[in-house]
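I have placed the structure first, in the form of structure tokens, so that the comments after it can refer back to it.
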Amino acid sequence: MEILLRLPVKTVLRCRCVCKSWLSLISDPNFATSHFQFALSPPTHKLVFLEKFPDAPEIISINFDASLNDDSSYSSLSLDFFSFQSCCEIIGSCRGFLFLHCNIYFYLWNPSTGVNKNIPASPITIYSNDHLFITHLYGFGYDPSTDDYLVVFGFYEYHDPADSSIDLAIFSLRANKWKQIESGSHFPYKIFPKGGYDPRAGLLLNETIHWLVYNCETSRYAIIAFDLKETRMSEIALPDEFIFSLTNTSFIEYDLLVLGGLISVWNVEKYTIEIWVMQEYKVHSSWTKTLNFSFFPAPDFSPLCFTKCGDIVGTVRGGGLVKLNDKGLLLEHHAYGNYYFNRSQMTLYTESLLSLPSGT
């Protein structure tokens, strides 16, 4: 067992065919949990993105610690288990499961094992009105205290700070049902960053889902955090210098990242990037600027993740991934023809043998 725990997921799955005793061992949920925890120290992440072809979409998995031009670091994940492929979106990932939005439904899917579940449409009534600004929020996470996967869905309507409201519901896989937790609650935020990508998918950290927003009452950018266990929303203040950059600069892109298990924010202005990291969660004085450099020739760069060596992987306008070092020098560029990357269709993903909680 100590040997099997150290093998990649794909190899362990093949080892099930060796004999009945190995099959029984590998199929044990406790083994899957131990294997996942072992893989997280240190973590080995892959980058997945959705590439849409005329007939059907395809999810590409990339080992970004390897060379971007190494074909062996790329693999295709087939989406053949449901019928809404043409309108599929990647919303996020957690513990080896990808969170997909397809038509009006959500799906959880472990590409390594094939385990998947269709989540029914939310009971929240979605309506439109010419005088209201309406958008959706998504989130997906795991509550270890109950061994439960949770899906968050909401929509908010905005026309002025005093009147804005949000409806929010959460789906429990253990209970196998939706529960509405907010209905018409005050919500003075706008969620439409300038980068052209979809900011509605929340970022998971510490069993909490985070969105980068603009507070219309305080006229300041901030992070709102939804605690999955407490089902409660709170606000996290951004660094003052970061807010100043967003407020006083044109043609800027920005978003949230998780770096080394810490929440971080980045912004790009022309050829300059800044990355701030909150060293102690929810402690405003712990915000630290970790990177600030200019880069060329990689225009319209948007960071996605850091490699184990400290290099930065991100997208560039026109299609493709690039890898920069911590000084901003271009190391690699891998183009994807005419495909234009949508950052809302990309997420970090950790392979696992995990299944859904028993009874779901």
Side-chain angles (χ1 to χ4, degrees), residues 36-37 40 43 91-97 99 101 106 108 119 122-124 135-156 164-191 193 199-218 220-239 255-265 276-287 347-348 350 354 356-357 360:
F36 182 72
Q37 292 173 343
L40 291 179
I91 304 298
S93 70
C94 177
R95 290 167 58 86
F97 286 90
F99 179 33
H101 180 213
F106 298 113
L108 300 185
I119 296 175
S122 166
I124 296 177
T135 192
H136 304 158
L137 299 178
Y138 307 103
F140 171 51
Y142 174 76
D143 182 1
S145 65
T146 57
D147 186 29
D148 194 9
Y149 292 89
L150 302 168
V151 171
V152 177
F153 174 72
F155 83 93
Y156 75 91
S164 300
S165 63
I166 187 171
D167 284 7
L168 203 63
I170 190 167
F171 183 87
S172 162
L173 263 72
R174 278 207 173 275
N176 197 38
K177 66 180 181 180
W178 286 95
K179 178 183 178 182
Q180 188 163 349
I181 56 178
E182 298 282 355
S183 179
S185 300
H186 185 53
F187 191 76
Y189 302 105
K190 287 183 180 180
I191 307 181
R200 301 172 301 172
L203 185 71
L204 178 67
L205 178 68
N206 298 334
E207 291 82 54
T208 303
I209 301 172
H210 305 78
W211 295 273
L212 186 59
V213 300
Y214 181 78
N215 189 322
C216 300
E217 292 181 337
T218 63
R220 292 173 69 87
Y221 289 87
I223 299 171
I224 53 173
F226 180 76
D227 189 305
L228 291 171
K229 184 177 180 180
E230 303 294 333
T231 62
R232 182 172 54 88
M233 193 86 75
S234 60
E235 183 175 309
I236 300 175
L238 293 169
D255 199 5
L256 299 175
L257 280 177
V258 173
L259 297 179
L262 302 172
I263 194 76
S264 68
V265 290
W276 292 76
V277 176
M278 180 175 267
Q279 304 291 344
E280 189 174 349
Y281 188 60
K282 290 191 174 181
V283 177
H284 184 264
S285 60
S286 70
W287 279 112
T347 188
L348 294 184
T350 303
L354 295 171
L356 297 173
T360 61

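Position 1 is the first residue of the sequence; numbering continues from there.
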> Once you round to the nearest 0.5 Å, how far does OG of S264 lie from CG of L256?
Replying inline: 7.5 Å

> Where do M278 and A237 come nearest, in terms of heavy atoms and distance?
Replying inline: CE-O, 4.3 Å

>> For a quick test of reading the model, state the closest non-hydrogen atom pair linking C216 to K190 and the distance between them.
In response: SG-CG, 3.5 Å

> Between H210 and Y281, how do the two ring planes meet: parallel, tilted or perpendicular, split at 30° and 60°?
Replying inline: perpendicular

> Do you know the tightest heavy-atom contact between I119 and V151?
Replying inline: CD1-CG2, 3.5 Å

> Measuring from I223:CD1 to L238:CG, what's the distance to the nearest 0.5 Å?
Replying inline: 5.0 Å

> What are the two closest non-hydrogen atoms of W211 and M233, and how far apart are they?
Replying inline: CZ3-SD, 4.3 Å

> With I181, which residues qualify under side chain to side chain contact (heavy atoms under 4.5 Å, CB included), at least two apart?
Replying inline: L168, I170, K179, F226, T231

> Distance from R95 atom CZ to L108 atom CG, nearest 0.5 Å?
Replying inline: 12.5 Å

> To the nearest 0.5 Å, how far apart are CG in L262 and CG in L205?
Replying inline: 7.5 Å

> How long is the span from the OG1 atom in T347 to the CD1 atom in I91, to the nearest 0.5 Å?
Replying inline: 9.5 Å

> Between Y142 and C94, which heavy-atom pair has the shortest distance, and what is it?
Replying inline: CB-SG, 3.6 Å

> Among all residues two or more places apart in sequence or in another chain, which pass the side chain to side chain donor-acceptor pair (under 3.5 Å) test with S185?
Replying inline: E182

>> Measuring centre to centre across the rings, with the benzene-like ring taken for any Trp, is F153 within less than 6.0 Å of F106?
In response: yes

> When rounded to the nearest 0.5 angstrom, what distance separates CG in D167 from CG in L137?
Replying inline: 11.0 Å

> Is there a donor-acceptor pair closer than 3.5 Å between any side-chain N or O of D148 and the backbone N or O of S172?
Replying inline: no

>> Evaluate V265 against Y221 for side chain to side chain contact (heavy atoms under 4.5 Å, CB included), listing each step before the verdict.
In response: CA-CA 11 Å; V265 290; Y221 289 87; over 6 Å; no

> Residues in side chain to side chain donor-acceptor pair (under 3.5 Å) with E235, at least two apart?
Replying inline: Y189, N215

> Do the side-chain N and O atoms of Y149 and D143 include a donor-acceptor pair separated by under 3.5 angstrom?
Replying inline: no

>> Which heavy atom of L212 sits nearest to which heavy atom of A222, and what is that distance?
In response: CD1-O, 3.4 Å

